[in-house]
Amino acid sequence: MIAVDIHGHGDTTGRDEFTFWDTATDIALLLENFNIRNVVICGTSQGGFVATRLALHRPDLVKQIVYAGSTLQLETPESYAGITHLTTGFPYVKENLGLIMQAGFGVDPFAENATAREAEAGKHWISVWNERYSGTPEKEALMQKAVKQLLQRDDIVPRVPELRTMVDVMHVSFARAMRGWG
């Protein structure tokens, strides 16, 4: 298994401008370097955007795509406005993260009815996101670049008929997924 950070996420560095196509191209180069073909690529959230682009860019490398909590569609005007609002200003605050997790995973880990495990996950992600994206102008700029990549992505839906790979879609609620862990 190879886990890849999308440009602008995790510990990625090196590019001022990037798209999901750039990450897909980099993954293709990585796979070629190790002579790996017929991969099953699992993309969660924005990882699904990359998986689709990899399968379109290099169908010879991709055997199957597994989407988990992802979509091929562009943001709606409402989600675009929400993402812009929630990602403006640092550090990430509990209220914003709760809304982001509610939108992405179907549960607000800070709500009164959140389980202990959901609350623990929320605290973890605040810590991770603050460490990655707040505290310095460089980190804050990285987040803005990642948000730009998300909001300015190209419309991939018209190209879906070009996919030559098996596609599986897994969607479960965050609460259900949390109960299945550990």
N/O donor-acceptor pair under 3.5 Å between Thr44 side chain and Gly47 backbone: no
Backbone of Gln149 reached by a side-chain donor or acceptor of Gln152 within 3.5 Å: no
4.5 Å side-chain heavy-atom contact, Asp26 and His7: yes
For Ala119, side chain to side chain contact (heavy atoms under 4.5 Å, CB included) partners two or more places apart: none
Evaluation steps, side chain to side chain contact (heavy atoms under 4.5 Å, CB included), between Glu120 and Thr115: CA-CA 9 Å; Glu120 182 181 323; Thr115 67; over 6 Å; no
CA sep, side-chain torsions, deciding dist, call: Glu75, Arg153, side chain to side chain contact (heavy atoms under 4.5 Å, CB included): CA-CA 9 Å; Glu75 302 302 325; Arg153 70 185 184 273; 3.1 Å; yes
Same apolar cluster (I L V M F W Y, side chains within < 4.5 Å links), [X]/[Y]:
X: Val167; Y: Leu54; result: yes
X: Val4; Y: Phe18; result: no
X: Val169; Y: Leu74; result: no

Point-to-point distance, once rounded to the nearest 0.5 Å, from CG of Leu72 to OH of Tyr67: 4.5 Å
Asp154 side, atom CG; Phe20 side, atom CZ - distance, nearest 0.5 Å: 9.5 Å
Identify the two heavy atoms, one from [X] and one from [Y], that lie closest to each other, and give their separation to 0.1 Å.
X: Ser45; Y: Ser70; answer: O-OG, 2.7 Å
X: Ala55; Y: Ile65; answer: CB-CD1, 3.6 Å
X: Tyr80; Y: Leu151; answer: CE1-CB, 3.4 Å

Would you give me the side-chain donor-acceptor pairs under 3.5 Å for residues 156-166, sequence neighbours excluded?
residue, atom, partner, partner atom, Å
Arg159, NE, Glu162, OE1, 3.2
Arg159, NE, Glu162, OE2, 3.1
Arg159, NH2, Glu162, OE1, 2.9
Arg164, NH1, Pro161, O, 2.7
Thr165, OG1, Lys63, O, 2.6
Thr165, OG1, Gln64, N, 3.1

NZ (Lys145) with more than 12 external heavy atoms under 6.0 Å: yes
Extract all donor-acceptor atom pairs below 3.5 Å that involve side chains of residues 27-42 and protein atoms in other chains or at least two apart in sequence.
residue, atom, partner, partner atom, Å
Glu32, OE2, Arg58, NH1, 2.2
Glu32, OE2, Arg58, NH2, 3.0
Arg37, NH1, Asp60, OD2, 3.4

